[in-house]
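Counting begins at 1 with the first residue of the sequence.
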Amino acid sequence: MLKRVWARREWILVVLGGLALAALLTWPTLRDPRHTVPGDIGDPALFAWQIAWGGHALLHNPLHFWDSNTFYPDPHSLAFTDTVLGYAPLGMFGSGMEAAVLRYNIVYVLVHALAFVGAYALTRQLGAHPLGAWVAGVAWAYAPWKLAHAGHLNVISTGGIALSLAMIARGHGWSLRRGHRPDRHSPGWALAGWLVAAWQISLGLAIGLVFAYVMIALCLVVAARFGWVWWRRGRPVFGRRLLVADVIGGLVFGAVTLFMGIAYSRVVELNPQADRSLAWTEAYSPPWRGLLVAPETSWLWGERHAAARAELSWPPEMALLPGVALFVLAITGVFFSVFRIRHRILLFLGVLVGVLLMLGSKLPWHGDPGYLTLSKHLPGWAALRTPGRLMLWTTLFMAVLAAGAVSAVVGDVKEIAPWRKDGAAWSKRLGRAKFVVLRLALVLPLLGVALDGVNRTAHPEVLRYPAAMSVAPEPILVLPSGGSLEMSIMLWSTNGFPRIPNGIVTFEPTGQQRIRSSSATFPDSASIASLRADGIKSVVVLPEWLGGTPWEGLPNRPFDGLGITREEIDGAYLYRLE
């Protein structure tokens with residue numbers, strides 16, 4: 001009874017501690033969550049729009065969920081880039097741009113909290129002491145390399161990976177310290193783990209596709225291992241209920257993966273220019289020294305690594321430091337741990353394989369065999385143009401090794417408690433005061449991984465919504481079109497979700513390309529006729545953004561006699577084509 005009460009209290013403290021830690025280590029995200037975003041005003045605006053559109057579509061037109069209001073008139077536009085579909089239900093609460101920004105910031109903080117809780121749950125299930133699990137949770141959720149992805153919600157949304165693995169392991173009564181215990185089977189936990197894994201896949205395939213392949217490989221290994229035991233003993237290792245839970249959960253997981261994959265393959269079918277060649281992977285493959293370099297937004301290491309970072313061709317995807325403290329703890333965990341030697345070897349091999357794959361084409365043999373081999377033969381892998389993001393798996397293996405090391409130290413300290421009757425004679429002379437100091441020193445690993453994760457991430461204000469858009473008849477073309485401004489325009493469109501040709505991804509959709517080209521000479525008779533043919537009813541021009549674009553000087557171009565009207569609204573120009 002007492003054990004059950006403690007377990008319940010432990011998880012309450014872990015969840016509350018995870019939330020508090022997330023608020024602290026992502027600060028100042030929650031200081032002004034309605035007007036600022038972490039990182040920059042580019043990708044966060046895109047993901048804030050995505051979540052808002054998801055909720056809007058679920059409420060008003062779920063059958064056309066993928067046909068968003070952006071990139072008009074191109075269909076299936078929500079799948080033009082990696083989509084955090086799993087957060088769509090949150091978009092059903094609140095409306096408008098301010099609500100979208102607030103929602104994004106709350107999700108951003110919760111993402112870190114979930115990553116911590118997930119890694120804590122996984123390492124506890126594997127047999128780590130609570131302090132070791134705390135170290136693993138902080139190390140994985142706040143690894144320095146993640147700071148470079150502050151604006152990539154799809155990349156930092158990893159909590160479901162560790163949490164689902166923890167739940168599935170618990171459902172199968174398995175841990176690293178105690179092995180497989182059939183008396184601990186729980187079909188409910190196993191099924192819940194598969195459902196969490198399916199939800200994780202719905203947060204995008206940039207991270208989810210690798211996770212799907214890891215789960216497939218894991219299932220094949222487990223099936224081979226226990227199939228062999230079944231064949232030798234003549235009886236199944238798993239009960240029927242657990243097997244049914246695995247089958248149902250696996251089918252749901254597979255269905256969600258297939259659903260996401262079909263959505264993205266449909267985009268390539270409609271827009272062949274969206275298909276990525278291996279040249280993308282070669283360009284974004286990090287050198288091995290990137291493992292020792294922190295992003296510039298790392299409070300502890302950012303400035304110290306400035307010179308090394310300058311040698312990287314694309315630092316946001318190549319500064320991959322998992323944490324200095326984590327390096328030390330993980331190496332210690334290979335030699336000194338509560339986990340068995342064979343498990344430590346397997347974890348170390350996991351780290352090694354993760355590093356080799358993460359280097360992409362920068363291996364001495366150019367990544368084939370390696371990452372490029374997978375790109376050539378595994379469906380969808382070629383679209384993963386940034387091998388460095390596999391650092392999340394390397395970090396997870398290192399975090400488990402670190403948890404084992406810290407847990408072993410905690411166990412040894414307990415053994416020398418001066419009040420233990422069976423303690424060594426020298427430990428009794430240690431004294432209570434010195435022993436308390438020794439126990440307090442156990443928090444140093446936790447402080448180390450926490451300091452590694454402290455950020456100095458910028459939190460700029462999002463761009464002000466142009467009042468002209470609120471009165472412009474839709475579909476609306478906002479000029480200039482192109483560049484990072486497009487992401488802010490997408491965010492602005494959360495005010496009512498008017499159809500707009502604007503938007504930005506790594507390729508230029510056919511319809512958008514046509515409208516941009518025809519509007520370059522706007523306003524003249526040819527451009528107006530072309531825009532009308534595409535259904536555009538109004539054009540909003542932002543003068544302060546026109547410099548250096550094809551639309552520079554547009555407000556000075558004559559428009560009399562063209563059958564359109566123009567009015568100035570709060571510094572912007574609204575052209576009505578109706």
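At least one cation-pi condition fails for Arg344 and Phe339: the charged atom is not both under 6.0 angstrom from the six-membered ring centre and inside a 45 degree cone around its axis.
Among Thr394, Val400, Val334, Leu396, the single residue meeting the side chain to side chain contact (heavy atoms under 4.5 Å, CB included) criterion with Val351 is Thr394. When each of Leu320, Val324, Leu326 is tested with Pro322 by the rule side chain to side chain contact (heavy atoms under 4.5 Å, CB included), just one qualifies, namely Leu326. The side chain to side chain contact (heavy atoms under 4.5 Å, CB included) test with Val107 is passed by exactly one of Asn105, Val109, Val111: Val111.
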Side-chain atoms of residues 290-298: list all donor-acceptor pairs with protein atoms under 3.5 Å, sequence neighbours left out, distances to 0.1 Å.
from, atom 1, to, atom 2, distance (Å)
Thr297, OG1, Leu147, O, 3.4
Ser298, OG, Trp301, N, 3.2

Show me the side-chain donor-acceptor pairs of residues 18-31 shorter than 3.5 Å, one per line, residues at least two apart or across chains.
from, atom 1, to, atom 2, distance (Å)
Thr26, OG1, Ala22, O, 2.5
Thr29, OG1, Thr26, O, 2.7
Thr29, OG1, His459, NE2, 2.8

Let me have the donor-acceptor pairs involving side chains of residues 168-176, under 3.5 Å, with sequence neighbours excluded, atom names and distances please.
from, atom 1, to, atom 2, distance (Å)
His172, ND1, Ile168, O, 2.7
His172, NE2, Asp246, OD1, 3.1
His172, NE2, Asp246, OD2, 2.7
Ser175, OG, Arg178, N, 3.0

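Side-chain N/O atoms of Trp145 and Thr395 include a donor and acceptor closer than 3.5 Å. Using a 3.5 Å distance cut-off with no hydrogens or angles, the side chains of Thr158 and Lys146 do pair a donor with an acceptor. Tyr87 and Ser157 share a donor-acceptor pair across their side chains, judged by distance under 3.5 Å alone. With no hydrogens or angles considered, a side-chain donor-acceptor pair links Glu10 and Tyr120 at under 3.5 Å.
Atoms OG and OH, from Ser285 and Tyr371 in turn, are 7.5 Å apart once rounded to the nearest 0.5 Å.
One N or O on the side chain of Thr373 and one on the backbone of Gly370 form a donor-acceptor pair closer than 3.5 Å. When atom types are taken as modelled, the side chain of Arg309 and the backbone of Gly302 share a donor-acceptor pair closer than 3.5 angstrom. Counting only distance, with no hydrogens or angles, the side chain of Ser407 and the backbone of Ala128 share no donor-acceptor pair below 3.5 Å. For Thr83 (side chain) and Leu78 (main-chain N/O), a donor-acceptor pair under 3.5 Å exists by modelled atom type. The backbone N or O of Ile51 lies less than 3.5 Å from no partner atom in the side chain of Arg103, so there is not a single donor-acceptor pair.
Dense packing is recorded around CG of Leu220, with more than 12 heavy atoms of other residues, nucleotides or ligands lying under 6.0 Å away. Within 6.0 Å of CZ on Arg241 lie no more than 12 heavy atoms contributed by other residues, nucleotides or ligands. Summarising the local packing, CZ of Phe348 is surrounded by 12 or fewer heavy atoms from other residues, nucleotides or ligands at distances under 6.0 Å. The environment of CZ in Arg340 is crowded: more than 12 heavy-atom neighbours from other residues, nucleotides or ligands sit within 6.0 Å.
Side chains of Pro379 and Tyr213 form a contact here, defined as non-hydrogen atoms less than 4.5 Å apart. Using a 4.5 Å heavy-atom cutoff, the side chains of Leu205 and Asp82 are in contact. Between His56 and Thr494, every side-chain heavy-atom pair lies at or beyond the 4.5 Å cut-off. At least one side-chain heavy atom of Val214 sits less than 4.5 Å from a side-chain heavy atom of Trp393. For the pair Leu114/Leu110, no side-chain contact is recorded, criterion being any heavy-atom separation below 4.5 Å from C-beta on. Using a 4.5 Å cut-off on side-chain heavy atoms (C-beta onward), Trp314 and Thr386 make no contact. Proximity of Trp140 to Phe116: side-chain heavy atoms (C-beta onward) are nowhere separated by under 4.5 Å. Using a 4.5 Å heavy-atom threshold, the side chains of Leu378 and Leu209 count as separate.
Relative ring orientation between His112 and Tyr142 is described as parallel, the plane-to-plane angle staying below 30° on a 0-90° scale split at 30° and 60°.
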CA sep, side-chain torsions, deciding dist, call: Leu153, Tyr104, side-chain contact (heavy atoms from CB on, under 4.5 Å): CA-CA 9 Å; Leu153 190 63; Tyr104 174 85; 4.0 Å; yes
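Here Phe65 and Trp53 keep their ring centres 6.0 angstrom or further from each other.
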